[in-house]
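Here the structure comes first, spelled out in structure tokens, and everything after it is commentary.
Worth knowing before you read on, the calculation uses all heavy atoms, side chains too, and leaves out hydrogens, waters and symmetry mates. All chains are named by letter (A, B, ...) in the order of the sequence lines, taking the proteins before the strands, and each is independently numbered beginning at 1.
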2 protein chains.
Amino acid sequence: MDEPSTCKIKITEYAKVCPNANEQSIEKKLVIDVGAKENFGLNDVLNRIMQGDCIEGMKKLPSEIADMVFIDPPYFLQLQNKRLFRWKDHTEVNGVNDAWDKFKSFEQYDSFLKNVLTEVKRIMKPEATVWITGTYHNIHRIGKIMLDMGFWILNDVIWFKKNPMPNWLRVRFTNATETLIWAVKNGNVKWYTFNEHLARKFSLEFTENFRPVPEEEKIGTNIWYLPLCTGEERLRDEKGKKIHSTQKPEGLLERVILTSTKSGDLVFDPMAGTGTTGYVASKLDRNFIMIEKEKKYIEAAESRFVKLWPRAE
Amino acid sequence: MDEPSTCKIKITEYAKVCPNANEQSIEKKLVIDVGAKENFGLNDVLNRIMQGDCIEGMKKLPSEIADMVFIDPPYFLQLQNKRLFRWKDHTEVNGVNDAWDKFKSFEQYDSFLKNVLTEVKRIMKPEATVWITGTYHNIHRIGKIMLDMGFWILNDVIWFKKNPMPNWLRVRFTNATETLIWAVKNGNVKWYTFNEHLARKFSLEFTENFRPVPEEEKIGTNIWYLPLCTGEERLRDEKGKKIHSTQKPEGLLERVILTSTKSGDLVFDPMAGTGTTGYVASKLDRNFIMIEKEKKYIEAAESRFVKLWPRAE
DNA sequence: CAAAGTCCTGAATCATATG
DNA sequence: ACATATGATTCAGGACTTT
């Protein structure tokens, strides 16, 4: 809209930050090891992915640098190693079974999230906002921790999935939603960014496909109607296997970023996975800093940026 | 559907339970004081409202009697009075400001809810389910407590309000949802009641508002699209002032009761307010036990039952 | 080439019975 | 406590295949 682009980084600007950038090494330069320095300045990490533990990485970052933080933590699904088959074709449902989603106890999970949120709070600018995703497995634990830490919740935003996996044993409602908590550091923060006209647009996008919407009805509600991450967008390996079991759709990040940041803002993601947050941020003229531990996810993220950013001359 | 009506209580049956029932005193007999006895048997309280403190009342009830429990607790909106008026009900400055929603701290709120849930768990039959409502102010605290207590969450159900109060200051998304947690006592419970065909029906109503009605029913997703409690349904005093600031719509209780109970089941509500739970349960051929402290709410509830139940001969 | 049909799969705490 | 077999059929979106 009418926000000025203050510090947009594309490859030419990016090269200034990373002076040794060249055509052959661009993929390397996107990534910086968390252990590379004692502490990182903003220019060390701007529009880069820090490879390593997120707590360690965050502790090395300056305070009050991020305009918005997006956190997609492990959900701690506790699937109990049960296997679920589709009767029709005897195929097995490929659920989340990653090591990073396993915790020994609620206490351990809570402790991890509290440590994350403590550093996140420090890294946030005074007027910054934070988004965090979850389902009923984890979102309540997170919300409770945030309230206890003084975070002030602005909204619960409901992601209503267009194409959820149906509950075909019919023992529950089909779980078609995820919840995003949107919050500021405390109740005194008033000047955070909220682009209300875009919130309206996203809220009514699906309604308007089906019927005319009266003007008075055009409010930006806290429900987003979006499909899962599938098709071309889903990152897969040579064998066609999905690289990350819970890759978020770009559309979700677009909504998060467009409603809660301005052009040129700095978006921080401490658990980046395949880098959807920074990738979308960059496409939308925002800057980013991301942290991710697993190499295979980082490599997938790199492949996205290589396509996005033209090579340096 | 095809469930037999096992122990439906209308006024004639009710008179058997309360042998001194007669035309003049029916309204009194609906209510029983929590202090009336040391302990209550099922027949003492079946289809009656216990007047008094809910913890005290629950402690006097037998174990494992309820097939389903519905809890509409205080939401604890009071942290910073300035913000409240934006978020609750139709009135602008005159939102929820009731004594029952005031707690001194998160700890006090948590403690209250934990005590409630401890008794609720005891009162639930082994295969019973429990519903509890909230917004982002309180639902996360409740969810966390429930998980810690071993409750096993089946679903988050999102009540998407047809007519939420618009956020006219445009500083947040319009908060158009409330969340209901639906749970069993622990993860081993498998034979709880879930009427999947009705879940589908309710889910379809959402769809109907946004697109042409499909030929076949959709899956039963965890989103319900319902208006707030307004109009005729809203209980008001002589001056037209609403009696309860957060009266739940009957449609919400219909969905809760129809999807998770069978005809003849016993529904328990420890914080009954104006008695919507028992009123709807009774209309749907379920039995109820309710507890409520405030006399003005109980009188409003009585007025509903007087209309519902014909006088005894 | 368009249209229609097939196949696969998704953050899922999805059941029961028999060894 | 595991592991395995059985049972009996959900849906939207997208990629792919066939007509």
With [atom1] as the reference atom in both, quote the distance from [N] to [M] in angstrom, rounded to an integer.
| N | M | atom1 | answer |
| --- | --- | --- | --- |
| D:dA12 | C:dC14 | P | 23 Å |
| C:dG10 | D:dT10 | C1' | 13 Å |
| C:dC1 | D:dT17 | C1' | 15 Å |
| D:dT6 | C:dT13 | C1' | 23 Å |
| C:dC7 | D:dT9 | C1' | 16 Å |

*Could B:Asp110 and B:Arg141 be called an ion pair, given the rule that one side-chain N must be under 4.0 Å from one carboxylate O?*
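Yes, charged N to carboxylate O under 4.0 Å.
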
*A:Glu299/A:Lys296 salt bridge by N-O under 4.0 Å criterion*: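 No salt bridge links A:Lys296 with A:Glu299.
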
Distance check: side-chain N/O of [X] vs OP1/OP2 of [N], anything under 4.0 Å?
| X | N | result |
| --- | --- | --- |
| A:Asn175 | C:dT13 | yes |
| A:Arg170 | D:dT10 | yes |
| A:Lys162 | D:dA12 | no |
| A:Lys242 | C:dG10 | yes |

Closest approach to the side chain of [X], judged atom by atom: which nucleotide of [options] is it?
| X | options | answer |
| --- | --- | --- |
| B:Trp191 | C:dT16, D:dA15, D:dG7 | C:dT16 |
| A:Arg236 | C:dA11, C:dG10, C:dT13 | C:dG10 |
| A:Tyr75 | C:dA12, C:dA11, D:dT10 | C:dA11 |
| B:Arg200 | D:dC11, C:dA12, C:dC8 | D:dC11 |
| A:Asp89 | C:dT9, C:dG10, C:dT13 | C:dT9 |
| A:Val171 | C:dA11, C:dA15, C:dA12 | C:dA15 |
| A:His137 | C:dA11, C:dT13, D:dT10 | C:dT13 |
| A:Tyr136 | C:dA12, D:dC11, D:dA12 | C:dA12 |
| A:Thr230 | C:dT16, D:dG14, C:dA11 | D:dG14 |
| B:Ile219 | D:dG13, D:dT10, C:dA11 | D:dT10 |

*Hey, which of these two, A:His244 or A:Met165, hits DNA chain C nearer its 5' end, going by closest nucleotide?*
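Between the two, 5'-proximity favours A:His244.
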
Tell me the interatomic distance from [X], atom [atom1], to [N], atom [atom2], rounded to whole angstroms.
| X | N | atom1 | atom2 | answer |
| --- | --- | --- | --- | --- |
| A:Tyr225 | D:dG13 | OH | C1' | 11 Å |
| A:Leu228 | D:dC11 | CG | P | 16 Å |
| B:His197 | D:dT9 | NE2 | P | 16 Å |
| A:Phe160 | D:dA12 | CZ | P | 11 Å |
| B:Lys190 | C:dA15 | NZ | P | 4 Å |
| A:Asn94 | C:dC14 | CG | P | 16 Å |
| A:Lys161 | C:dG10 | NZ | P | 12 Å |
| A:Lys241 | C:dG10 | NZ | C1' | 15 Å |

_N/O donor-acceptor pair, side chain A:Arg234 with base D:dG14, under 3.5 angstrom_ =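 Donor-acceptor pair under 3.5 Å: no.
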
*Do A:Trp168 side-chain and D:dT9 base share a donor-acceptor contact under 3.5 Å?*
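There is none.
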
*For C:dT13, is chi within 90° of 0 (syn) or not (anti)?*
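Chi for C:dT13 falls in the syn range.
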
*Does B:Trp224 have its ring centroid less than 6.0 Å away from the ring centroid of B:Trp159?*
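Ring centroids of B:Trp224 and B:Trp159 are no less than 6.0 Å from each other.
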
*Is the distance between the ring centroids of A:Phe288 and A:Phe305 under 6.0 Å?*
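Yes, ring centres under 6.0 Å apart.
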
May I ask you to say what [X] touches in the nucleic acid, namely base, sugar-phosphate or nothing, with a heavy-atom cut-off under 4.0 Å?
| X | value |
| --- | --- |
| A:Glu178 | base |
| A:Ser245 | sugar-phosphate |
| B:Leu154 | nothing |

Partner nucleotide of [N] by Watson-Crick or wobble geometry (both distances under 3.5 Å):
| N | value |
| --- | --- |
| C:dT9 | D:dA12 |
| D:dG7 | none |
| C:dC14 | none |

*Report the C-alpha separation of A:Trp168 and A:Phe85 in whole Å, then their side-chain angles, then the decisive distance to 0.1 Å, and conclude whether the ring-ring contact (aromatic ring centres under 6.0 Å, His included) test is met.*
CA-CA 10 Å; A:Trp168 60 77; A:Phe85 289 91; over 10 Å; no

*Using the rule for Phe, Tyr, His and the six-membered ring of Trp, do A:Trp87 and D:dA8 stack at under 5.5 Å and under 30°?*
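No, the aromatic ring of A:Trp87 does not stack with the base.
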
*Relative to each other, are the rings of B:Phe160 and B:Tyr225 parallel, tilted or perpendicular (30° and 60° limits)?*
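Correct class here is tilted.
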
*Can you name the one residue among A:Ile49, A:Asn47, A:Ile298 that meets side chain to side chain contact (heavy atoms under 4.5 Å, CB included) with A:Leu30?*
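Passing option: A:Ile49.
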
_Does either side chain, that of A:Ser245 or that of A:Asp98, offer a donor lying less than 3.5 Å from an acceptor on the other one?_
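Checked: A:Ser245/A:Asp98 side chains pair up, N/O donor to acceptor below 3.5 Å.
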
